[in-house]
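Below you'll find the structure, written out as structure tokens, and then a few comments.
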Amino acid sequence: MTAIPRFPFRVTHTDGAARAGILETPRGTVATPCFMPVGTKGTVKGVAPERLAAAGAQIVLANTYHLSLRPGSSTVRDLGGLHRFMGWQGPILTDSGGFQVFSLMDTARVDDDGVTFRSVYDGSLQRFSPERSIEEQQRLGADIIMCFDECPPATASVDAVAAAVRRTTAWAARCRKAHAEAGGLGSDGPQMLLGIVQGGVDAALRRESALALLELDFPGYAIGGLSVGEERGPMLETTAATAALLPEERVRYFMGIGDPQGVLDVIERGVDLFDCVLPTRTARMGTAFTPQGRLNLRNSQHTLSDEPLDPECPCTACRTFSRGVLRHLVTQKEMLGLQLLSEHNLTFLSRLVAGARGAIQMNSFAAFRKQWIGA
RNA sequence: GGGGGGAUGCCCGAGUGGCCAAAGGGAGCAGACUGUAAAUCUGUCGGCGCUGCCUACGGAGGUUCAAAUCCUCCUCCCCCCA
């Protein structure tokens, strides 16, 4: 099989199934486990690049579906490529648009060759295929790109999930080929292409999916198709079982988890990377992550609170404002409130994950987990 | 001085005899959010001893089986003419 870019990844420590590692990309090193903030349209909503860095982000996401429609991948390329576009010189990962097949299902039609969408921007008919997704991702120029997959909802029947697995496998081969034909190069340098394991919470289908993708020899693998409405228990079992099927020396990416407990749960099961809109979205809705759990700042009980959100947190919100003031900013829909809480939640999560990494290095992850979550 | 319009629940505002504790919006209160169609969505939103009762549509009277809705007077507000 044609050689394609493979950024060096090594696991430096393990603690049970949990791993600490280092991924070296051309634009910088990612210490894993690592949470990746999501910047769908080329911006992590409400968080300027320097604040993102201050919040501990090492690598950020962007979305191929959205950027290919607005402003268009050629425009992004012509404006200097995705890194300049986002004002972020660190590593970037683009999602393939596969998730939009799931989240925009009402307006999408899937067939073996690809997906026909109705653009959410102007209603125009759009066609996405594995080749098209790779081509768009090449033009965008992220460092890590994803195979175009099919992500069925938790309510899908086993047959539908099986069909999605087979389609995802076939599409992965086509993505792999399209990527290789371009020499693994995007408009702005080498790109590492990751495969995505599907299969819902069905052990046999997960296995089928993983084994098929292993044959395609990707430099890293994502666990997709989870966090789509299934129960936590089966989700975690599936994560553990899937991670166990993947090569130890390749990076593992759980797609779409961002609540503090969930993050520790997947780290415990051998995941290195994960992303989620939850911290930034809930922040925009007025909810802050704290060591004591989620805090809804809109609640009237905080009106007169003079305490910081989290006295230990170094973020702007916690250093500068009381809960009472933050509540005011949130309830009055002041932009600053959304920005501050977004920065805070990202800071909280990266500190949590950094702590987990340190604990894995010292072989004390179980104790660390207990300290944060209890039990 | 003359003519006209209006006063509705915390706010704005619909309703012009029964289906009205009264549309809709806002505010308030609470909940959800997990590879972002999301600064979004959902619920609640007079009181109580809550399958019913009480209070309520500027105030006071009246007509009617029944009034936020019709009549009379009063109070206040707005507009036009002089």
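The chains referred to below are lettered A, B, ... by the order of the sequence lines, with proteins before strands, and numbering in each begins at 1.
- Interatomic distance, A:Ile59 CD1 to A:Leu52 CG, rounded to the nearest 0.5 Å: 11.5 Å.
- Under the Watson-Crick or G-U wobble criterion, with both distances below 3.5 Å, B:C41 is paired with B:G31.
- As rounded to the nearest Å, B:C54 and B:A21 have C1' atoms that lie 11 Å from one another.
- Comparing the same atom, C1', in B:A82 and in B:G13 gives a spacing of 34 Å after rounding to whole Å.
- Within the 3.5 Å criterion, the main-chain N or O of A:Gln301 finds no donor-acceptor partner in the side chain of A:Asn299.
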Q | Reading 5' to 3' through nucleotides 29-38 of chain B, protein heavy-atom contacts under 4.0 Å coded B for base, S for sugar-phosphate only, - for none | A | SSBBBBBBBB
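- Aromatic ring pairs are classed by plane angle as parallel below 30°, tilted from 30° to 60° and perpendicular above 60°; the pair A:Phe128 and A:Phe117 is perpendicular.
- Taking the C1' atoms as reference points, B:U8 lies 9 Å from B:G15, given to the whole Å.
- Nucleotide B:U75 has B:A7 as its partner under the Watson-Crick or G-U criteria, with both atom distances under 3.5 Å.
- Nucleotides B:C19 and B:A32, compared at atom C1', are 35 Å apart to the nearest Å.
- More than 12 heavy atoms of other residues, nucleotides or ligands sit less than 6.0 Å from atom CZ of A:Arg232.
- Across the P atoms, B:G9 and B:A68 are found 14 Å apart, a figure rounded to whole Å.
- The shortest side-chain heavy-atom distance between A:Leu352 and A:Gln261 does not fall under the 4.5 Å cut-off.
- Look at the P atom in both B:C70 and B:G17: the space between them is 8 Å, to the nearest Å.
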Q.
Checking A:Arg250 against A:Asp272 for the salt bridge (charged side-chain N to carboxylate O under 4.0 Å, His left out) test, could you report, in this order, the C-alpha distance in whole Å, the side-chain angles of both residues, the deciding distance, and whether it holds?
A. CA-CA 9 Å; A:Arg250 301 202 187 174; A:Asp272 308 306; over 6 Å; no
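- In this structure, B:G52 and B:C48 make a Watson-Crick or G-U wobble pair, each of the two defining distances being under 3.5 angstrom.
- Within the shown strands, B:C81 is the pairing partner of B:G1 under the Watson-Crick or G-U definition, both distances less than 3.5 Å.
- A salt bridge does not link A:Arg10 to A:Glu249: none of the charged nitrogens lies less than 4.0 Å from a carboxylate oxygen.
- The P atoms of B:A14 and B:A23 are separated by 14 Å, rounded to the nearest whole Å.
- The phosphate of B:A27 (OP1 or OP2) has a side-chain N or O of A:Lys333 nearer than 4.0 angstrom.
- B:A38 sits 48 Å from B:G59 when the P atoms are compared, rounded to a whole Å.
- Within the shown strands, nothing qualifies as a pairing partner of B:G17 under the Watson-Crick or G-U definition with both distances less than 3.5 Å.
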